[in-house]
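Have a look at the structure below before the remarks.
Just so it is clear: chains get the letters A, B, ... in the order the sequence lines come, proteins before strands, and each one is counted from 1. Fair warning: this is a prediction, and the values are worked out from it, not measured in the lab. Computed from heavy atoms alone, side chains included, the values below leave out hydrogens, waters and symmetry copies.
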Amino acid sequence: MRYFDYIQPENIKQAGESASHGWRKALLYAGGTDLLGLIKNEVESPAALINLKAIPGLNGIEYSEREGLTIGALVKLSQLSAHEAVRERYSVLEQALKETASPQLRNMGTIGGNLCQRPRCWYFRGDFHCLRKGGDICYAVDGENKYHCVVGGGPCFIVHPSDPAVALLALDAWVTIASAKGTKRVALKDFFVLPEDDIYRENILQPGEIVTHIHVPPLSEKTVSGYIKFRERGAWDFAVVSVAATLRINGNTIIDGKAAFGGVAPKPWQEEKINQRLKGLSVKTENFELLSAEVLKEAEPLNQNAFKLPLVRNLLKRLLVQLTAS
Amino acid sequence: MKKKSASSSLSRRQFLKGFGSGVAGSVALNKIASALPLQKTLEKAADNANRTPLKLSVNGKAYRLSVEPNRTLAEVIREDLQLTGTKVVCNHGECGACTVLLDGEAVYSCHILALDADGKSVTTIEGLLGGEELHPLQKAFVKKDGIQCGFCTPGQIMAAQALLLKNPHPAKEDVLEGMSGNLCRCGAYPKIIESVLEAAKKD
């Protein structure tokens, strides 16, 4: 790796200030599982890394029935999936966390870093001066695009690689963002951006802004949730596609629900139309089939990835059947 | 580990190292003989300026080091501490050969910075040995033939050690999951899983 300075701020304010200097590139550094890969591949060549790990107050998990779950951004993925409240109440999040990466990476990677990770597109990671790196062409359009997006793409066709982000979207999570100016809260659905809005970033964070906490609202007793990840290897792989759902059920009726999809778009994806149609839906396999057929209607697959559409639709149907079975 | 008497034979590693620098040195000397000393001095001065102190406990022994921020934990373990049991294969946090325990948890040492381990406790494959006595996991790998070429084995054993520390009596599924971050290109997976289950049985 090329040389960089290692800055050790004592608090968020110092960290934010270090990151917002325009005269040299200083990048926020937490678990490092993504950033060190980017540096090794020379996608990023920062002058300094700002180590967030020694900042106090960012690695706790709190749960209360009124407030729900509050997760410090530095909480490790393995730490979060082992938390009692996550295991007992937020199955969708637990499953997504356990299917992320490998045991070692889950001991290293943080939840905040997981949400802010860069795309895995092989042109972006490889030796290609692509659009996202300031070039003038997306090599995926006419290249190997089996794993690229089917919806929300253009002019760049990445998919967002996070599993937990898809689960958190289905849970209506929001994040706290801190900077020298203060803090603000942003719903996770408004946190991620599409290439058409900003080709160089996957989220709204400006230099100097830091995600400090992730908040998940409490779920009612009658809520069930789950996550299905489709990957080509049996373990340790990014999602080809994934589906998350939370459903509030009363008897034979879904009171309301949320579905979210990974591996299909440049950001964790959800469709308001689908969530609306879940409201009041009777629990019946035919209903789930009809609903699933409506998913990703606006998709425009590239020449190698149309297979993702039936895959996602079938996985949603399977998940709905599973979650309503008992 | 047994100490070799200094006067006896050169170790294989020292021999290879000496041989490598000899070849590189003779090529370089022809070209830049005069520039070399100054360049070396400047490089060394720059290196020292960029170093940061690092406190580390490795296999129960305390170290005070001074390292460049861009060096990985694996590099420091192998190069500075000469604990070469930890292997670097992909150097991208993907294959698991460099697995060590950091405060008791398995991590890829090639994919964290040495400075990230400041104040923490590291266990490498060398730390499992009790003198010349093999660790139960190492014995199980020998007994069950959990090794083909053996290069991924130190990482496999450290991942297994982390797994057994958390879950001393894992089911086969737990072992499959716990060992999923370690690749073996020989494909010795069934024997590796058997080895871990064998070691768990003994506890």
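- Residue B/Arg64 qualifies as open at atom CZ: its count of foreign heavy atoms under 6.0 Å is 12 or below.
- For A/Arg2, the part sitting under 4.5 Å from any heavy atom of chain B is the backbone (N, CA, C, O) and nothing else.
- At least one donor-acceptor pair closer than 3.5 Å links the side chain of A/Trp236 to the backbone N or O of B/Glu94.
- Atom NZ of A/Lys13 sits in a sparse spot, with 12 or fewer heavy atoms from other residues, nucleotides or ligands closer than 6.0 Å.
- Between chain A and the options B/His111, B/Met179, B/Arg71, B/His92, the largest number of non-hydrogen pairs under 4.5 Å is found for B/His111.
- Residues A/Leu105 and B/Tyr108 share a closest heavy-atom pair of CG-CE1, 3.4 Å.
- Here the shortest heavy-atom pairing between A/Pro103 and B/Ser180 reads CD-OG, 3.4 Å.
- For A/Arg318, the CZ atom sits in a loose shell: 12 or fewer heavy atoms of surrounding residues, nucleotides or ligands are nearer than 6.0 Å.
- For the atom pair CE of A/Met1 and CD of B/Glu68, the computed distance is 11.5 Å after rounding to the nearest 0.5 Å.
- Only the side chain of B/Thr99 comes within contact range of chain A, with heavy atoms under 4.5 Å apart.
- For the atom pair NZ (A/Lys40) and SG (B/Cys90), the distance works out to 7.0 Å, reported to the nearest 0.5 Å.
- When heavy atoms are compared at a cutoff of 4.5 Å, A/Met108 approaches chain B solely by way of its side chain, counted from C-beta outward.
- Of the listed residues (B/Val107, B/Leu102, B/Asn182), the one with the most heavy-atom contacts under 4.5 Å to chain A is B/Val107.
- Using a 4.5 Å heavy-atom threshold, the side chains of A/Tyr29 and B/Asp116 count as touching.
- Proximity to chain A (any heavy atom under 4.5 Å) is shown, for B/Asp118, by neither the backbone nor the side chain.
- In terms of non-hydrogen atom pairs under 4.5 Å with chain B, the most contact-rich of A/Asn51, A/Asn41, A/Leu35, A/Leu49 is A/Asn41.
- Atom CD of A/Glu62 is surrounded by 12 or fewer heavy atoms from other residues, nucleotides or ligands within 6.0 Å.
- In this structure, A/Gln8 and B/Thr52 have side chains that are not in contact, with every pair of non-hydrogen atoms separated by 4.5 Å or more.
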